[in-house]
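Residues take their numbers from the sequence shown, with the count starting at 1. As a basis for the values below, the full set of heavy atoms in this structure was taken, side chains included, without hydrogen atoms, waters or symmetry mates. None of the values given here were measured: they were computed from a predicted structure.
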Amino acid sequence: MKKFYLHIILTIMLIASIDAFGQYSLDNSGKIENKGTIKVKSGQVKGLPDTLTGRIEFLQHSFTSQQSIPNIVYEQLVLKNRAKKIVSDAYKNQDGTPRSLVTLDSLIIADSGYFTTHWIGLNPNDIHAKASVSNKASYTGPKYIKLSNEIVEQDLIGNGKFSKLEIDNPNGVNVIDGGFTVSNGLRLTRGELRNSIPNNLAIGDSALIERQVGASIQAAPEFEGKTSIRYYGDGSLVTGNELPVDSTSILAFSVEAVKGIVLNQDVTVLDSLYIG
């Protein structure tokens, strides 16, 4: 009964507010307690609480349109269909910087979804996923989707595309039903990225792989072209599966680990070598 009542209230609010482009919008000025599913099929959402429980789906279709995604804390966030789903920077921290969009249960990019942190005039923060991430469509933009949890491991699912992806979980991240591509940057900050031959990832041509001391990748990814490598952090490390077997495919090689690195294979650097 509560879910049905919530749906009716939201529908009335959406119909009551139409913007200059003829799109419905929800401008909330009260409290939303969601234990079910909110579906935003078209238009914009404003005035959401700092944390929204339950499941919310942004479903706008047209590829020539945009739907703003508030940068708040979600329990479960679902992004579907071809309209550009753009991360907002409207919610601010006390120092005036944009808050990170956070998902506590799951982040799902599905059904031709187009999710981005790139839009003129906006400067959102990185996206923090605290549980599973499923991407069967596309994430683009200059910010990282960051898998981070201090207590339990996380799952990474799907055959979509990430422009930038970060692993920051001391318990590790499992690639489940893999096949996704990281086109610009893979950052291994903490923990192990547990990929395998049947459930692997591809690294796009000219992408940067950054590995911090203490982080690792279980199996060699598929390299689609040339790659740049950066090592950093306190301590030392031995190079691993982040390094292409074909050493002639390395564009730039940067060593900024405080106590240096040990190479596990010969390396040929085509463009630049930096020892910091």
Side-chain angles (χ1 to χ4, degrees), residues 3 6-28 32 34 36-48 52-91 101-122 124 127-129 131-145 155-165 176-184:
K3 294 180 184 178
L6 176 62
H7 174 73
I8 293 296
I9 292 297
L10 290 178
T11 301
I12 291 170
M13 293 174 75
L14 285 169
I15 294 175
S17 178
I18 304 177
D19 64 22
F21 298 97
Q23 292 184 326
Y24 298 122
S25 65
L26 166 61
D27 193 347
N28 173 56
I32 296 178
N34 176 39
T37 299
I38 298 173
K39 295 185 178 183
V40 185
K41 294 183 178 181
S42 173
Q44 308 306 320
V45 173
K46 301 176 182 178
L48 291 181
L52 184 64
T53 57
R55 177 183 175 106
I56 184 166
E57 301 179 2
F58 290 88
L59 306 173
Q60 190 155 311
H61 278 269
S62 174
F63 185 71
T64 59
S65 65
Q66 303 85 37
Q67 200 167 29
S68 179
I69 312 301
N71 54 320
I72 63 169
V73 178
Y74 299 91
E75 186 172 356
Q76 187 176 71
L77 175 62
V78 180
L79 306 153
K80 292 183 180 181
N81 304 320
R82 298 186 67 202
K84 298 177 182 68
K85 311 300 190 295
I86 303 162
V87 179
S88 169
D89 62 358
Y91 288 75
L101 187 156
V102 178
T103 56
L104 301 177
D105 177 83
S106 54
L107 170 62
I108 301 170
I109 310 169
D111 298 346
S112 302
Y114 186 119
F115 189 40
T116 184
T117 51
H118 176 68
W119 197 252
I120 295 174
L122 296 181
I127 297 162
H128 291 244
S132 66
V133 173
S134 175
N135 179 9
K136 297 186 178 180
S138 178
Y139 164 71
T140 66
K143 305 301 182 179
Y144 283 86
I145 289 185
D155 290 338
L156 186 53
I157 306 158
N159 56 1
K161 293 183 178 181
F162 295 90
S163 57
K164 292 187 173 182
L165 180 68
I176 308 294
D177 188 23
F180 61 89
T181 299
V182 180
S183 57
N184 293 100

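Judged as a salt bridge (Lys or Arg N to Asp or Glu O under 4.0 Å), and not counting sequence neighbours, Glu75 has no contacts. In this view, Tyr144 satisfies the ring pair (Phe, Tyr, Trp, His ring centres under 6.0 Å) rule with no residue, not counting sequence neighbours. Not counting sequence neighbours, Phe58 has no partner by the ring pair (Phe, Tyr, Trp, His ring centres under 6.0 Å) test.
Between Ser132 atom OG and Ile157 atom CD1 the span is 5.0 Å, to the nearest 0.5 Å. The line from NZ of Lys85 to OG of Ser65 is 7.0 Å long, rounded to the nearest 0.5 Å. How far CG of Asn159 is from OG of Ser134: 9.0 Å, rounded to the nearest 0.5 Å.
The shortest non-hydrogen separation linking Thr103 to Ala129 is OG1-CA, 3.4 Å. Contact detail for Ala137 and Gly113: the closest heavy-atom pair is CB-O, 3.1 Å. Here the closest heavy-atom approach between residue Ser68 and residue Ser88 is recorded as OG-CB, 3.6 Å. When every heavy atom of Tyr91 is checked against every heavy atom of Gly47, the shortest pair comes out as OH-C, 3.7 Å. In this structure, Gly158 and Lys136 approach most closely via the heavy-atom pair CA-CG, 4.0 Å.
Contact annotation: the side chain of Thr37 never approaches that of Ile56 to less than 4.5 Å [non-hydrogen atoms, C-beta and beyond]. Looking at heavy atoms from C-beta onward, Leu77 lies in side-chain contact with Leu101 at the 4.5 angstrom threshold. The side-chain heavy atoms of Pro124 and Asn71, taken from C-beta on, include no pair separated by under 4.5 Å. Proximity of Val73 to Leu52: side-chain heavy atoms (C-beta onward) are nowhere separated by under 4.5 Å. Counting only heavy atoms from C-beta outward, the side chains of Phe115 and Lys84 never approach each other to under 4.5 Å. No side-chain heavy atom of Val133 sits less than 4.5 Å from a side-chain heavy atom of Ser106. Residues Ile109 and Tyr114 have side chains not in contact (no heavy-atom distance under 4.5 Å, counting atoms from C-beta outward). Between Leu156 and Ile176 the shortest side-chain heavy-atom distance does not fall below 4.5 Å.
Counting only distance, with no hydrogens or angles, the side chain of Thr116 and the backbone of Thr140 share a donor-acceptor pair below 3.5 Å. A donor-acceptor pair under 3.5 Å is absent between the side-chain atoms of Asp105 and the main chain of Gln76, judged by distance alone. Remark: the backbone N or O of Lys41 is not paired with any side-chain donor or acceptor of Gln60 at under 3.5 angstrom. No donor-acceptor distance shorter than 3.5 angstrom exists from the side chain of Asp111 to the backbone of Asn81, with no hydrogens or angles considered. Under the 3.5 Å distance criterion, the side-chain polar atoms of Asn34 are matched with a main-chain donor or acceptor of Thr53. The backbone N or O of Gln66 sits less than 3.5 Å from a side-chain atom of Gln44, completing a donor-acceptor pair. Using a distance-only test at 3.5 Å, with no hydrogens or angles considered, no donor-acceptor pair links the side chain of Tyr74 to the main chain of Gly54. Side chain of Asn135 to backbone of Ala110: no donor-acceptor contact under 3.5 angstrom is found. No donor-acceptor pair closer than 3.5 Å links the side chain of Glu57 to the backbone N or O of Leu79.
Taking a 6.0 Å sphere around NZ of Lys161, one finds it holds 12 or fewer heavy atoms contributed by other residues, nucleotides or ligands.
Side chains of Thr181 and Ser183: a donor-acceptor N/O pair is absent below 3.5 angstrom, by distance only.
Taking the six-membered ring where the residue is Trp, Tyr139 and Phe162 present tilted rings, their angle falling between 30° and 60°.
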Just do the side-chain contact (heavy atoms from CB on, under 4.5 Å) check on Gln67 and Val40 with the steps written out, would you? CA-CA 9 Å; Gln67 200 167 29; Val40 185; 3.4 Å; yes

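Cation-pi geometry between Arg82 and Phe63 is met: the NZ or CZ atom falls under 6.0 Å from the ring centre, inside 45° of the normal.
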